[in-house]
Amino acid sequence: MRVRFAPSPTGFLHVGNARTAVLNYLFKKKYNATYILRIEDTDMERSTKESEESILNDLTWLGIQWDEGPDCGGNFGPYRQSERFDIYHEYTEKLLSSGNAYHCYCTQEELDAQRKIAAEANKPFIYPGTCRNLTLEQKKAFENQGRKPTVRFKVKEGITLTIDDQIKGTVIFNSENIGGDFIIVRSDGVPVYNYIVIIDDTLMNVSHVIRGEDHLPNTPKQMLIAMALGLPVPTYAHMPLLLGPDRTKLSKRHGITSVSVYREQGYLPEALFNYLGLLGWTLESGEEIVPVEKLVSEFELSKIGKSSAIFDFQKLKWMNSVYLRNLPFEKAFDLFYPYIEKAHLTASDNEWLKKVVDTVRGNCEIASDIVKEIGLFFGDTVEFEEDAEELLSTHEAQTVIRAAYELIHSTINAHNYSTETLGSIKQKTGLKGKMLFMPFRAMITGRLHGPELDKILPLLGYDRFATRIEYCYSRFAK
RNA sequence: GUCCCCGUCGUCUAGGGGUCUAGGACACCGGGUUUUCAUCCCGGCAACAGGGGUUCGAAUCCCCUCGGGGAUGCCA
């Protein structure tokens, strides 16, 4: 069995496409199939080399390995459509000479005008076949005007196209309502997606085409071409689309859609893979956080649901936090370090830094969170968050602040501060539990959330500890 | 407009005629553990789009309506 993932290099790898890539990969692993990576770069204006590189990069990061592709070759190459124009040209000639296609001299302006009229009349636009039977003289006349023809595929009426879809079930189209004769080669000679996918899929011996549902209405066109060319049709599996919270196709305005941004923010590839791989179906046990092997062993195209799914950013984050917490310390530290470095929060004492990271890592959902979490160990004064400020303004909190202030000016010093301060304040004020700890936490860290105070204090150092108390005293309790 | 796909808690889903007073997970709310945060544990909230059939019995099968999505490009 052979599957393929066929992105067009017109931007970063989108999570929706990444899901397609992941499911194809699950299929490959499950059935020991060959995974083909094909670059669909026939949109010359929008395709870029950088985009291709970043897509390959993101796929690799996600843990997807392909067997044949533009970078590693294979027996069915080349794997970039832009390098296969000779092949397509041959098929176009066949289609032309067998009468299945013809040259069309209609200009874009003319077609746009016809589309507009149809839209205003609330009718579907069907190409009327204007150029279907042009005489040689007519063609010459157009060419003398400087018109460059496109090539249109002739769609015969009354043909029933049946797709035996592995996810959607049987889907039937009739040839009369796919919009009439459609363009397969642009006027500049570059063939169009709908035409060459099917050629490449059969030439590359693809057995299972697993792709997004948005391609389902295009499938009959591709089948028609295959029929005219006498080529076999692969097995199809159209997966439901990924939607944003407003139920429209997932796009940038909904949040992060680019895999590279997830990587930059410190998501783990295992977590993204897990989330994407299990979106739309479930394991029999109901488990959600599972290794790839588990996903592979239970994967089945027929288990994928038919309805589209909304991308749940929150659940992905949760999943990532679980993966992050389960990471061994050294690995986690390596993951955090670049963010720490970028925020200039490194320290001369690396062992100290490691201890600091270890105490706060549990509060991180994604790796970049480390910057915010670690911040409380740096700086003499703290920035108070709104809720912390509110708490510190209360009467009870002020007694805590005063008690701490008095202590650093009497019995508490660098040797005993981390072990005795809280107990002494408790004694002095009679406060305990939340009433004691929360104001204290707010005073030292500026926040109501954070790691255990017992762990913070020894790492913070007496100087910062005392300075912060002084600062807090002057702001809230003077 | 036309064609195609889809419709169970807010979200991802389990379920495929009786075991469904509809199960799990995320989120949310409450409680417990932690003298504090988070983790963790326990509990709660919350759904079969609507209407007709078929059947002793329907979330499950059929039809219609409504709703959502996709396609309708010299994009992929």
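Below, chains carry the letters A, B, ... as their sequence lines are ordered, and counting in each starts from 1. We use all heavy atoms of the structure for the numbers below, so side chains are in, but hydrogens, waters and symmetry mates are not. Quick caveat, the model's predicted, so the values are computed rather than measured.
- For B/rA76, one of the phosphate oxygens OP1 or OP2 lies less than 4.0 angstrom from a side-chain nitrogen or oxygen of A/Thr42.
- Between B/rG1 and A/Lys123, no contact under 4.0 Å exists linking OP1 or OP2 to a side-chain N or O.
- Between B/rC6 and B/rA49, the distance separating the two C1' atoms is 13 Å to the nearest Å.
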message = Go through it in stages, so that I can follow the logic: the residues are A/Phe313 and A/Tyr275, the test is ring pair (Phe, Tyr, Trp, His ring centres under 6.0 Å), and I'd like the CA-CA distance, side-chain angles, deciding distance and then a yes or no.
response = CA-CA 10 Å; A/Phe313 296 92; A/Tyr275 177 72; 8.9 Å; no
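- Distance from the side chain of A/Glu40 is smallest to B/rA76 among B/rA76, B/rA27, B/rC74.
- At the heavy-atom level, A/Gly433 lies under 4.0 Å from base atoms of the strands shown.
- The side chain of A/His449 lies closest to B/rC37, out of B/rC26, B/rC37, B/rC4.
- Classification of the A/Phe299-A/Trp281 ring pair by plane angle, with boundaries at 30° and 60°, yields perpendicular.
- Seen from the ring of A/Phe336, A/Arg361 does not count as a face-on cation partner, given the 6.0 Å and 45° thresholds.
- Nearest nucleotide to the A/Thr248 side chain, out of B/rG69, B/rU2, B/rA71: B/rG69.
- Residue A/Ile172 is classed as a sugar-phosphate contact, given heavy-atom separations below 4.0 Å to backbone atoms only.
- In terms of phosphate contacts, A/Arg19 brings no side-chain nitrogen or oxygen within less than 4.0 Å of OP1 or OP2 of B/rC12.
- Computed from coordinates, the A/Leu453 CG to B/rA38 C1' distance equals 12 Å when rounded to whole Å.
- Ring geometry for A/Tyr473 versus A/Tyr405: interplanar angle under 30°, hence parallel rather than tilted (30 to 60°).
- Comparing B/rA47 with B/rA59, their P atoms are spaced 15 Å from each other, to the whole Å.
- Listed pair A/Lys317 / B/rA27 fails the phosphate criterion, with no side-chain N or O lying under 4.0 Å from OP1 or OP2.
- A 3.5 Å limit on both hydrogen-bonding distances identifies B/rG7 as the Watson-Crick or G-U partner of B/rC66.
- The side chain of A/Asp454 lies closest to B/rU36, out of B/rA71, B/rC4, B/rU36.
- No contact: A/Asn174 has no heavy atom under 4.0 Å from any strand.
- When heavy atoms are screened at a 4.0 angstrom cut-off, A/Ile126 is found touching no nucleic acid atom at all.
- Across all strands shown, A/Thr150 has heavy atoms under 4.0 Å from base atoms, whether or not it also approaches the sugar-phosphate.
- Taking CG of A/Asn274 as the reference point, atom NZ of A/Lys294 lies at 12.0 Å (rounded to 0.5 Å).
- In this structure, A/Lys221 satisfies the cation-pi test against A/Phe182, with its NZ or CZ atom closer than 6.0 Å to the six-membered ring centre and inside 45 degrees of the ring normal.
- B/rU39 sits 35 Å from B/rU21 when the P atoms are compared, rounded to a whole Å.
- With hydrogens and angles left out, the side chain of A/Asp214 and the base of B/rA76 share no donor-acceptor pair within 3.5 Å.
- Remark: P of B/rC5 and OH of A/Tyr236 are 16 Å apart, rounded to the nearest angstrom.
- For B/rG73, the OP1/OP2 oxygens have no side-chain nitrogen or oxygen of A/Arg186 closer than 4.0 Å.
- Within the 4.0 angstrom heavy-atom criterion, no nucleotide atom of any strand lies near A/Gly305.
- Remark: the separation of the P atoms in B/rG1 and B/rC63 is 22 Å, to the nearest Å.
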request  = With side-chain contact (heavy atoms from CB on, under 4.5 Å) as the test, would you mind laying out the steps for A/Tyr339 and A/Leu345 before giving the verdict?
outcome  = CA-CA 9 Å; A/Tyr339 299 97; A/Leu345 293 177; over 6 Å; no
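- Across the strands present, B/rG1 finds its partner in B/rU72; the criterion is a Watson-Crick or G-U wobble pair with both atom distances under 3.5 angstrom.
- Under 4.0 angstrom from either OP1 or OP2 of B/rU11 there lies at least one side-chain N or O belonging to A/Arg247.
- Residue A/Ser307 places its side chain closer to B/rC6 than to any other of B/rC6, B/rC3, B/rU35.
- Comparing atom distances between the A/Glu288 side chain and each of B/rC75, B/rG70, B/rG24 picks out B/rG24 as nearest.
- Close to B/rA71, at under 4.0 Å from its OP1 or OP2, lies no side-chain N or O of A/Lys221.
- Between A/Arg115 and B/rG73, a side-chain N or O to OP1/OP2 separation shorter than 4.0 Å is present.
- The residue A/Ile310 sits close only to the backbone: its heavy atoms come under 4.0 Å of sugar-phosphate atoms, none of a base.
- The nucleotide whose nearest atom lies closest to any side-chain atom of A/Ser187 is, among B/rC74, B/rA27, B/rC4, B/rC74.
- In this structure, the CD atom of A/Glu284 is 17 Å from the C1' atom of B/rA25, given to the nearest Å.
- When both pairing distances are held under 3.5 Å, B/rC56 makes a Watson-Crick or G-U pair with B/rG18.
- Distance CG (A/Asn194) to C1' (B/rC74): 12 Å, rounded to an integer number of Å.
- Using atom C1' as the reference point in both B/rA14 and B/rC9, the two lie 13 Å apart (nearest Å).
- Closest approach to the A/Asn363 side chain among B/rU36, B/rA38, B/rC75 is made by B/rA38 (side chain taken as heavy atoms from C-beta onward).
- Relative to the side chain of A/Phe125, the nucleotides B/rG73, B/rC4, B/rU36 differ in distance, and B/rG73 lies closest.
- Using N1 to N3 plus N6-O4 or O6-N4 for Watson-Crick, or N1-O2 and O6-N3 for G-U wobble, each under 3.5 Å, B/rG43 pairs with B/rC29.
- Nucleotides B/rA46 and B/rG73 have their C1' atoms positioned 44 Å apart, rounded to a whole Å.
- Nearest-nucleotide positions on RNA chain B place A/Leu216 closer to the 5' end than the other of A/Leu216 and A/Leu436.
- Contact annotation for A/Leu279: backbone-only contact, meaning every heavy-atom pair under 4.0 Å involves sugar-phosphate atoms and none involves a base.
- Taking atom C1' in both B/rC20 and B/rU34, one finds a spacing of 39 Å when rounded to whole Å.
- A/His238 comes within 4.0 angstrom of nothing in the nucleic acid, heavy atoms only.
- Remark: A/Arg38 engages A/Asp201 in a salt bridge, criterion side-chain N to carboxylate O under 4.0 Å.
- Each of A/His208, A/Arg211, A/Gln166 was evaluated against A/Tyr236; a single residue qualifies, A/Arg211, per the side-chain contact (heavy atoms from CB on, under 4.5 Å) test.
- Separating the P atom of B/rG10 from that of B/rG50 is a span of 13 Å, rounded to the nearest Å.
- Closest to the A/Tyr193 side chain, of the nucleotides B/rC5, B/rA76, B/rU39, is B/rA76.
- Across all strands shown, A/Cys106 has heavy atoms under 4.0 Å from base atoms, whether or not it also approaches the sugar-phosphate.
- Residue contacts shown for A/Arg447 are absent, as no nucleic acid heavy atom lies under 4.0 Å away.
- Looking at A/Lys315, its side chain has no donor and acceptor atom pair within 3.5 Å of the base of B/rA27.
- Looking at A/Arg4 and A/Asp200, no side-chain N of the basic residue comes within less than 4.0 Å of a carboxylate O on the acidic one, giving no salt bridge.
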